[in-house]
Amino acid sequence: MITLALSKGRIFDETLPLLAAAGIEVLEDPETSRKLILATNQPGVRVVLVRATDVPTYVEYGGADLGVTGRDTLIEHGGQGLYQPLDLKIAQCRMSVAVPSDFDYASAVRQGSRLKVATKYTTIAREFFASKGVHVDLIKLYGSMELAPLTGLADAIVDLVSTGKTLQANNLVEVERIMDISSRLVVNQAALKLKQAAIRPILDAFSNAIEKNAVPS
Ligand code: ATP
Ligand code: MG
């Protein structure tokens, strides 16, 4: 049995076409079913639904053989024990620094002020500001980062941005782009060896499907 860990929402939805390319069809809709283990049309393949931040952990410890997870989540997890064969180019967005529109970020950085930064992504934020030589106090949050600067909890946030609409609606502006984000396939290292025959065709089908979708540059 091959177990694939996915999170509900955008990652699940955008992984479905890749699974279809591998001849795998999920037989239940996670938005209407309460099940956490979903059968597929292939008796040897099942999908488990886990929280986005738990996907690397499930795959690391073999609770799942494969998983799909954002580059952001993977960096925060550390990636230990995970083989990362493919960038699936799905769930694309970017990690950015944003501040209230009336906050002079450039001056604060130039003057060497200590910035209060709220984020769920403390590893990425710490490394980014350290590389710039900017002193920061990091405040770990688990949701609604946008609220932090509006309430005086922080000067800035580090968060994922796609359209920028959420920032705009909360009077925040993007002042730095830290990195581009997309989701990757992760594979348990032992499973890759022991279940080669079942996993290899899935990897190949995903890889072909990504190439076909690629926008020629
Ligand atoms: P939870 O909803 O359980 O708290 P989460 O908010 O981290 O978890 P999602 O919002 O579903 O989970 O995001 C999962 C992944 O999708 C992220 O790790 C990121 O890689 C990607 N992602 C998040 N926001 C966006 C976005 N606006 N556009 C594209 N991809 C995104
Ligand atoms: Mg979410």
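Counting starts at 1 for both ligands and their atoms, following the listed order. Here the structure is a predicted model, which means the values were calculated and not measured. Every heavy atom of this structure was used, including side-chain atoms; hydrogens, water molecules and symmetry mates were not.
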Legend entry - Proximal ligand 1 atoms for Gly70, defined as those under 4.0 Å from one of its heavy atoms: 20 (O)

Legend entry - Ion pair Glu31/Lys8, N-O distance below 4.0 Å: no

Inset, instruction - Following the transitive rule for hydrophobic clusters with a side-chain heavy-atom cut-off under 4.5 Å over Ile, Leu, Val, Met, Phe, Trp and Tyr, establish whether Val186 and Leu4 coincide in one cluster. - result: no

Inset, instruction - Considering the heavy atoms of Leu160, write down every atom of ligand 1 situated less than 4.0 Å from one of them. - result: 17 (C), 19 (C), 22 (N), 23 (C), 24 (N)

Inset, instruction - Taking only Lys NZ, Arg NE, NH1 and NH2, and the carboxylate oxygens of Asp or Glu, determine whether Asp159 and Lys120 approach each other closer than 4.0 Å. - result: no

Legend entry - For the student: nearest non-hydrogen atoms of Val59 and Gly67, plus distance: CG2-N, 3.7 Å

Inset, instruction - Starting from the C-alpha separation in whole Å, work towards a yes-or-no answer on side chain to side chain contact (heavy atoms under 4.5 Å, CB included) for Asn188 and Leu66. - result: CA-CA 6 Å; Asn188 176 276; Leu66 309 169; over 6 Å; no

Inset, instruction - Flag Ser162 as yes when one of its N or O atoms lies below 3.5 Å from any N or O atom of ligand 1, and as no otherwise. - result: yes

Inset, instruction - Kindly confirm or rule out an N or O of Lys8 lying under 3.5 angstrom from an N or O of ligand 1. - result: no

Legend entry - Lys132/Glu176 salt bridge by N-O under 4.0 Å criterion: yes

Legend entry - Distance-only N or O hit between ligand 1 and Ile181, under 3.5 Å: no

Inset, instruction - Compare Arg94, Arg51, Lys120, Arg184 and give the one whose heavy atom is closest to atom 5 (P) of ligand 1. - result: Lys120

Inset, instruction - Ignoring angles and geometry beyond distance, decide whether Arg10 reaches within less than 3.5 Å of ligand 1 through its nitrogen or oxygen atoms. - result: yes

Inset, instruction - Would you check whether Arg71 reaches within less than 4.0 Å of ligand 1, judged by its heavy atoms? - result: no

Legend entry - Shortest non-hydrogen contact between Ala125 and Val158, atoms and distance: CB-CG2, 4.0 Å

Inset, instruction - Decide whether Ile124 and Tyr105 are clustered together by the hydrophobic rule: side chain heavy atoms of Ile, Leu, Val, Met, Phe, Trp, Tyr closer than 4.5 Å, transitively. - result: yes

Legend entry - Distance filter under 4.0 Å to Thr73 heavy atoms, resulting ligand 1 atoms: 18 (O)

Inset, instruction - Show your working on salt bridge (Lys or Arg N to Asp or Glu O under 4.0 Å) between Glu174 and Arg94 and close with a plain yes or no. - result: CA-CA 11 Å; Glu174 194 176 352; Arg94 56 193 184 269; 2.7 Å; yes

Inset, instruction - Return yes when Ile11 approaches ligand 1 closer than 4.0 angstrom through a heavy atom, no otherwise. - result: yes

Legend entry - Subset of ligand 1 atoms that lie under 4.0 Å from at least one heavy atom of Gln92: 28 (N), 29 (C)

Inset, instruction - Return the option from Asp72, Leu74, Thr53, Thr166 holding the heavy atom at the smallest distance from atom 19 (C) of ligand 1. - result: Asp72

Inset, instruction - Taking only heavy atoms of Ala91 into account, list the atoms of ligand 1 that are under 4.0 Å away from them. - result: 29 (C), 30 (N)

Inset, instruction - Would you tell me which option among Cys93, Ala52, Ser183 has the nearest heavy-atom contact to atom 8 (O) of ligand 1? - result: Ala52

